[in-house]
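Here you go, one structure.
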There are 2 protein chains.
Amino acid sequence: MEETSWEPPPVLLAVDLVILTLRSSRLHVLLVERGIEPYEGASALPGGFLFDSGEDIRAAAHRELSEEANLDASRLHLEQLGAYGSPDRDPRGRVVSVAYLAIAPGLPEPEAGTDASAASWLPVEEFTSGRAPLAFDHHRILEDGVEQARTELEHTSLATAFCNETFTISELQRVYEAVWGQQLDPRNFYRKVQAVPGFILPAVSDRRPTRGRPARLFRRGPRTRLRPPMMRPDPPTQSEER
Amino acid sequence: MEETSWEPPPVLLAVDLVILTLRSSRLHVLLVERGIEPYEGASALPGGFLFDSGEDIRAAAHRELSEEANLDASRLHLEQLGAYGSPDRDPRGRVVSVAYLAIAPGLPEPEAGTDASAASWLPVEEFTSGRAPLAFDHHRILEDGVEQARTELEHTSLATAFCNETFTISELQRVYEAVWGQQLDPRNFYRKVQAVPGFILPAVSDRRPTRGRPARLFRRGPRTRLRPPMMRPDPPTQSEER
DNA sequence: TCAAAAGTGTTATGCGTACACCCATGG
DNA sequence: CCATGGGTGTACGCATAACACTTTTGA
């Protein structure tokens, strides 16, 4: 196959992170303000180049997670979204970026890591609804990440990654509602979630003060693949087919 | 973030292809015999390095599809599986491979492309059931590809990519049975498939000779996302939870 | 006329949904 | 005792699975 003197072209490898969390019942994504060209001053996903030839790609994602988001890597869902490598995606040269999806529970004050001074949580709908621009092809990466989160909420226990160690069922419901962007019936959700074997487990009652009747607390169950799945109601499908 | 004189390390970018098809009602994958080190003589997925710095990754996958499998790139489903980049996956150096899943309809004689002399279709179960080894991390890539095909059969019209331009419903059923590895009721399948709007459309009757009553012919419909999904029956889930 | 595969009807069951209703707590 | 959110009961409709049955062809 190969010619005698032909050599494959080298490329630069980067990682980009779609870090999602829930803040005040809305889905937010962590973005940084770029300090250097290209796209200086624009919003971008946290990320960066592979540190050295021996670094594993997932390890690089974890490293950027600490450096740029100041997030504790342990107990954090991290999952590959795919490779993005259009020849013209980075004006500096041929850069292929491997994108990861990270899910963080709601955090008190997540801003300002060690080196990215201008990291902040922004509502995803400001970017998926066409408005604000992002550097490189990060707009597409973000959309892919949100879509993956949406479908994984159906088939995996990903939703619990948005929650703390213990959580109430209505907290879990707010995750589903925020990511899917639609309202769910609390009473049916309550039973449906508990009907999936191994999804959530009762936790020791350590109720927090609240208005209304205190809710029972739960924790993640052992099962990661949900059977049966939590199917989202069809969005208002006005046009059946064409 | 960056040091003044630090430069990101270059990597080599490869593509690998999981090309699936159906032969005599069983799922097969296209494998080549490696002609050079490393893993000389071992079976491997078709693939190769990026040709030059300007080549798009998907284009490289299409090129390898033609070169190694001699498959017409047009009308062929091609989809990214993910990036595989463990530091030690290739003894020659740091190679990151972007894997693609390709689905081909049953072909008369698919062997022997232009340069890979020893390409052949092998039943996937010989490799997923632990037995035969594959070069590099291709065993894992193959498993990921088959799993992706399985779940996409539920939610997308991927199954029609295994079929020719026109097909019968029982041909489509054989696709589902081969990929999922379980039997389906022909009568319920018959109606279920037709109940999904836009999945399959009636084609001009051009019946082929067969034993028994000739079947109606169908072609792909416009819809790629199936609503409702074709849910596979739970596999014999002996252990409920633990 | 028989075998084989395609296609249709019918029924029981289970699940999702909607919604009425009761429970427990803070103010 | 009232507002607020947590939790339970239940009925209805629809999707599915199971399977008896009819149709259409080749041999």
Side-chain angles (χ1 to χ4, degrees), chain A residues 24-25 153-155 163 166-178 180 182-197 199-219 226-237 240, chain B residues 24-25 153-155 163 166-177 180 182-219 226-237 240:
Chain A
S24 57
S25 298
L153 243 54
E154 295 188 301
H155 304 288
C163 300
T166 64
F167 49 87
T168 69
I169 289 193
S170 62
E171 280 167 0
L172 192 61
Q173 179 180 348
R174 274 191 281 278
V175 172
Y176 276 90
E177 290 181 334
W180 284 350
Q182 46 190 293
Q183 299 279 106
L184 302 173
D185 184 302
R187 304 162 297 219
N188 292 330
F189 183 86
Y190 183 89
R191 280 173 294 202
K192 190 171 188 171
V193 160
Q194 290 183 100
V196 182
F199 185 12
I200 59 174
L201 261 33
V204 287
S205 275
D206 184 13
R207 285 107 184 268
R208 295 183 278 277
T210 170
R211 270 210 298 278
R213 175 175 175 172
R216 297 185 235 200
L217 290 179
F218 294 83
R219 56 190 172 83
L226 303 187
R227 287 169 179 281
M230 300 280 299
M231 299 222 298
R232 56 178 143 170
D234 313 84
T237 315
E240 264 310 294
Chain B
S24 57
S25 297
L153 243 55
E154 295 189 301
H155 305 287
C163 300
T166 64
F167 50 89
T168 69
I169 289 192
S170 63
E171 282 167 359
L172 192 62
Q173 179 180 346
R174 276 191 282 277
V175 172
Y176 277 90
E177 290 181 332
W180 284 350
Q182 45 190 296
Q183 300 279 105
L184 303 173
D185 184 301
R187 306 164 295 224
N188 292 331
F189 184 86
Y190 184 89
R191 280 172 294 201
K192 190 171 187 169
V193 158
Q194 290 184 96
V196 182
F199 186 11
I200 60 174
L201 262 31
V204 287
S205 275
D206 185 11
R207 286 108 183 272
R208 296 183 277 277
T210 170
R211 270 211 298 277
R213 175 174 176 174
R216 299 184 229 193
L217 290 178
F218 294 83
R219 54 189 172 85
L226 303 187
R227 285 172 180 283
M230 301 280 299
M231 300 225 296
R232 55 178 144 168
D234 312 84
T237 314
E240 262 311 295

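To find a chain, count down the sequence lines: A is the first, B the second, and so on, and within it residues start at 1. Scope of the values below: all heavy atoms of this structure, side chains included, with no hydrogens, waters or symmetry mates.
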Check the distance between dC15(C)'s P and L226(A)'s CG and give it to me in whole angstrom.
-> 16 Å
N188(A) has its side chain closest, among dC23(C), dC19(C), dT8(D), to dC19(C)
dA6(C) phosphate, OP1 or OP2: any side-chain N/O from S170(B) under 4.0 angstrom?
-> yes
Mark yes or no for a side-chain to base donor-acceptor pair under 3.5 Å between R187(A) and dG5(D), with no hydrogen or angle criteria applied.
-> no
Does a side-chain heavy-atom distance below 4.5 Å link L153(B) with M230(B)?
-> no
For the base of dG9(C), is there a side-chain donor-acceptor partner from R191(B) under 3.5 Å away?
-> yes
Can you find a side chain N or O atom of R216(B) that sits less than 4.0 Å from OP1 or OP2 on dA6(C)?
-> no
Taking for each residue the nucleotide of DNA chain C with the nearest heavy atom, is it A215(B) or D185(A) whose nucleotide lies nearer the 5' end?
-> A215(B)
Using atom NZ of K192(B) as one end and atom P of dC14(D) as the other, report the distance to the nearest whole Å.
-> 18 Å
To the nearest angstrom, the CE-P distance between M231(A) and dC14(D) comes to 16 Å
On DNA chain D, nearest-nucleotide positions of R211(A) versus Q194(A): which is more 5'?
-> R211(A)
Within the structure shown, what part of the strands sits under 4.0 Å from T168(A) by heavy-atom distance: base, sugar-phosphate, or nothing?
-> nothing
How many Å lie between CZ on R213(A) and C1' on dG6(D), as a whole number?
-> 5 Å
Distance in angstrom units between Y190(A) OH and dG9(D) C1', rounded = 14 Å
L217(A) CG to dT25(C) P, straight-line distance once rounded to whole Å = 13 Å
Roughly, in whole Å, what's the span from CZ in R232(A) to P in dG16(C)?
-> 17 Å
Interatomic distance, CD@Q173(B) vs CZ@R187(B), rounded to 0.5 Å, equals 10.5 Å
If you measure from CZ on R216(B) to OG on S170(B), what distance do you get to the nearest 0.5 Å?
-> 12.5 Å
Separation of F189(A) atom CZ from dG5(D) atom C1', in whole Å?
-> 15 Å
Roughly how far, to the nearest 0.5 Å, is the CG atom of L201(B) from the CG atom of L217(B)?
-> 13.0 Å
Compare all side-chain heavy atoms of T168(B) with those of P214(B) and state whether any distance is below 4.5 angstrom.
-> no
